[in-house]
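Okay, structure first, notes after.
The residues of the chain are indexed from 1 along the displayed sequence.
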Amino acid sequence: MVAALRVVLACVMLVLPLPMLAQDTGAPIQRLLQEHGDVIVKSSRKTIQPAIDALAASGLPEARDVLNRWREKEMWVNKDTGTFVFAEKAPEKQLLLFDVAGSAEIGLAEAKAYRQLKPNSGIRGLISAALVQFQLSDPSPAFRLAALNAIERDPDASHLSALRAVMDSETQPSLKVRIARLERLLTIQFDQDDSARIAAIEGFQGDLGVDLRAVLSPLVVTKIDAAETLPDGALVVEVGTDSLPTAAAYDMLVAKDLAAPHVTSDALRAALIENIDGTTVAGVQVATLNTDEARLKAYAELAREGTVPPVISNSDVLQTLEQFVFFQTFIGAPPAVALAAQAALLDIETKLALSQTADLALDALSLASIYFLAAIGLAITFGVMGVINMAHGEFIMMGAYTGYVVQLFVPDHTLSILLAIPLAFAVTFSAGVAMERLVIRWLYNRPLETLLATFGVSIALQQIAKNIFGTQARPLTSPDWLDGSWVINDVISISYIRIAIFVLALLFLALFLFVMNRTRLGLEVRAVTQNPRMAASMGINPDKINMLTFGFGSGIAGIAGVAIGLYAKVTSEMGTDYIVQSFMTVVVGGVGNIWGTLLGASMVGVLQKGIEWFNPSNTLAAQTYMILFIILFIQFRPRGIIALKGRAAEA
């Protein structure tokens with residue numbers, strides 16, 4: 001008997017509309033929902049905003065959860081009592097209910113007693129906008145950052161008040177700056193006060209941000225209109241210019257019913273057919289209407305009789321246009337705001353052009369430093385010794401692969417680079433000395449044979465590298481502190497690796513000058529370069545000096561390979577990408593002069609980037625034009641910018 005009573009009691013509880021004893025129906029959040037219950041249940045986008053605003057401004061701890069779950073269609077309302085609950089669908093057409101005040105579980109109820117709130121996309125958007133203020137005031141910086149990212153992706157007028165509410169209370173400096181910037185952007189877009197919008201525009205003085213340009217551009221959209229008198233604040237547009245051709249101006253008047261339309265050929269033919277009287281039209285025989293002139297004459301006669309509208313002549317068009325004034329008006333914003341936006345955009349365009357020029361100059365300087373670093377070793381072997389070393393690019397490749405091998409054994413990228421630089425110098429210095437002893441020493445003063453021999457060596461070195469490392473590009477990873485770029489503004493930026501290569505190029509310039517001007521080796525090299533016989537008579541061994549000089553130039557090429565490998569791909573053929581530019585750099589600058597090499601690298605880098613700027617889609621064409629220019633330059637200055645005196649000059 002007791003068991004039967006329990007079953008009956010359970011069934012009764014299940015069919016009750018709402019387990020009222022377990023729910024706090026007097027909770028503030030429940031009362032607030034029921035105050036706006038009719039509007040919420042109706043779910044009309046036109047009337048729902050006050051209910052959403054009331055929840056967002058209530059300050060109740062449950063408001064955020066209610067808005068969230070309402071947006072996710074997890075809120076239900078009792079059809080009889082109007083009580084709001086959270087619910088999940090359960091088996092046997094039941095719902096598992098939760099209290100909106102605290103989300104405590106209430107129990108099971110029949111689904112048919114409740115109505116699910118299903119806000120459409122428009123209402124969900126309004127709810128999402130209201131939730132932004134909760135995210136912006138969340139204790140977690142990550143949540144606040146996510147809210148700012150969401151606003152940037154899809155800004156809305158409702159976000160403006162939310163941003164202003166948290167501007168002063170934000171504690172994270174980076175987020176505070178972003179909030180202030182977003183607030184100004186949204187003020188320009190959505191604020192109803194023109195003075196506030198103008199102040200926000202002026203607050204972006206010097207800013208080149210793409211987001212700012214995207215906000216300002218719609219404000220300066222204009223349209224051309226016509227009237228008998230010029231409205232206040234409108235700008236006159238001259239008829240007959242590119243902005244308003246005469247035909248377009250007259251068509252505008254026709255569209256506004258301010259002028260008679262032109263008579264088309266089809267309309268003219270139709271009018272003549274309609275007014276045929278026997279065998280004539282306006283007294284003209286139909287049989288003679290076989291030319292445009294005859295048809296126009298017949299139509300003119302009909303127009304004189306008032307049967308058809310007259311043909312509009314050019315003089316009629318000009319006379320009509322003189323009766324009206326054409327002007328340009330802003331349609332994206334009030335005139336004061338639009339003019340402020342227009343001035344800001346003009347300032348941005350000016351600064352943008354200057355920034356693009358500066359960015360192009362930085363790119364050219366960066367490329368020049370790479371070419372200088374690649375060519376400084378060649379300036380020694382070719383410029384000082386007069387040896388045409390076609391394998392110079394392969395010494396660069398050997399240095400890059402040395403850095404790659406070091407990183408295989410030393411995982412610390414900073415330490416590996418520090419070890420790779422002297423090791424690359426040692427490897428390529430040794431290779432250069434071996435090449436000079438085995439090949440070059442027998443070919444001095446025989447440039448053609450030297451070119452062919454070193455070209456054969458370059459092919460052999462490439463094949464050896466392919467056999468050892470394969471044909472795929474190998475990574476030479478830069479240290480973490482070289483990742484990223486130095487960003488000056490939205491236009492000007494340069495990677496830290498390029499800055500490092502530029503600094504390294506300056507260091508090698510200083511090293512070369514020190515070695516050549518402050519050491520015994522440099523003194524002997526200069527002596528052998530200028531007069532080898534006299535140097536030999538003074539006790540200097542020219543053969544040894546040539547060997548050390550060639551090895552020194554090859555060693556510098558190896559170090560350049562480590563630096564270039566951080567920036568470019570490391571392959572067996574990477575040297576071929578720099579050998580032509582290296583020779584051009586040395587020849588243009590002046591054979592055998594380090595300052596000439598520096599000037600030559602600067603000239604080649606600036607020239608290549610300048611040509612690429614004019615033809616950015618075709619880098620190969622830019623290099624071709626550059627080579628043609630260099631050939632033309634050498635015709636007028638065959639010894640380069642700074643000519644060397646001595647052996648190289650005589651050669």
Side-chain angles (χ1 to χ4, degrees), residues 359 362-378 391-432 458 461-488 492-509 511 554-579 581-582 601 605 609 619:
D359 187 60
L362 279 177
D363 280 349
L365 185 63
S366 171
L367 187 63
S369 65
I370 294 173
Y371 286 164
F372 177 73
L373 199 59
I376 190 171
L378 194 64
H392 179 76
E394 279 55 54
F395 288 125
I396 295 175
M397 176 264 292
M398 290 170 62
Y401 272 122
T402 301
Y404 165 70
V405 172
V406 170
Q407 286 194 342
L408 294 178
F409 297 95
V410 183
D412 187 323
H413 294 152
T414 300
L415 180 60
S416 66
I417 294 301
L418 294 177
L419 293 175
I421 289 176
L423 188 58
F425 180 84
V427 169
T428 51
F429 177 87
S430 302
S458 72
L461 291 176
Q462 285 185 32
Q463 189 59 49
I464 292 172
K466 288 179 182 178
N467 293 339
I468 297 175
F469 300 103
T471 57
Q472 293 183 341
R474 301 294 177 176
L476 185 54
T477 309
S478 62
D480 292 340
W481 49 275
L482 284 180
D483 290 341
S485 301
W486 177 34
V487 179
I488 300 175
I492 305 175
S493 66
I494 184 171
S495 66
Y496 292 130
I497 291 179
R498 288 196 170 196
I499 295 175
I501 292 176
F502 176 75
V503 173
L504 191 62
L506 293 180
L507 291 176
F508 273 111
L509 174 62
L511 175 64
S554 302
I556 291 179
I559 297 178
V562 176
I564 293 173
L566 296 174
Y567 168 76
K569 59 183 180 180
V570 179
T571 66
S572 60
E573 299 176 353
M574 67 176 295
T576 58
D577 295 335
Y578 296 95
I579 185 65
Q581 284 85 353
S582 297
K609 281 298 177 182
T619 305

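I499 contributes atom CD1, which lies 10.5 Å from atom CG of L365 (distance to the nearest 0.5 angstrom). Rounding to the nearest 0.5 angstrom, the gap separating the NZ atom in K609 from the CG atom in L367 is 6.0 Å. In this structure, OG1 on T402 lies 6.0 Å from CG on L423, to the nearest 0.5 angstrom. With rounding to the nearest 0.5 angstrom, the OG1 atom of T477 is 9.0 Å from the CG atom of D483. The distance from the CG atom of L506 to the CD1 atom of I501 is 12.5 Å, given to the nearest 0.5 Å.
Among S485, S366, S369, the single residue meeting the side chain to side chain donor-acceptor pair (under 3.5 Å) criterion with R498 is S366.
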Requested in this report: Kindly indicate, with the supporting measurements, whether the criterion side-chain contact (heavy atoms from CB on, under 4.5 Å) is fulfilled by V405 and F469.
Outcome: CA-CA 10 Å; V405 172; F469 300 103; 3.7 Å; yes
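Side-chain atoms of W486 and S493 include no donor-acceptor pair closer than 3.5 Å.
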Mind listing the side-chain donor-acceptor pairs of residues 392-401 below 3.5 Å, one per line with the distance, residues two or more places apart or on another chain?
from: H392; atom 1: NE2; to: A374; atom 2: O; distance (Å): 2.6
from: E394; atom 1: OE2; to: Q462; atom 2: NE2; distance (Å): 3.0
from: Y401; atom 1: OH; to: S572; atom 2: N; distance (Å): 3.2

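At least one side-chain heavy atom of I417 sits less than 4.5 Å from a side-chain heavy atom of P479. Y578 places a side-chain heavy atom less than 4.5 Å from the side chain of I564. Counting only heavy atoms from C-beta outward, the side chains of E573 and T471 never approach each other to under 4.5 Å. In this structure, the side chains of F502 and I494 stay at 4.5 Å or more apart for every pair of heavy atoms.
Residue F429 places its CZ atom among more than 12 non-hydrogen atoms of other residues, nucleotides or ligands, all under 6.0 Å distant.
Nearest heavy-atom pair across H413 and S478 is ND1-O, 3.9 Å. Between W481 and Y496, the closest heavy-atom pair is O-CD1, 4.2 Å. Closest non-hydrogen pair, G432 versus S554, comes out as CA-OG, 3.5 Å. Shown here for P475 and Y404, the closest heavy-atom pair between the two residues is O-CD1, 3.2 Å. Minimum heavy-atom separation, A500 to L482: CB-CD2, 3.8 Å. The two atoms that bring A420 and V562 nearest to each other are O-CG2, 4.1 Å, heavy atoms only.
For F508, the side-chain contact (heavy atoms from CB on, under 4.5 Å) partners two or more places apart in sequence, or in a different chain, are L373, I376, L504, L511, I556, I559. Residues forming a ring pair (Phe, Tyr, Trp, His ring centres under 6.0 Å) with Y371 (at least two apart in sequence, or on another chain): none.
A distance-only check finds no donor-acceptor pair linking the side chain of R474 to the backbone of T571 [under 3.5 Å].
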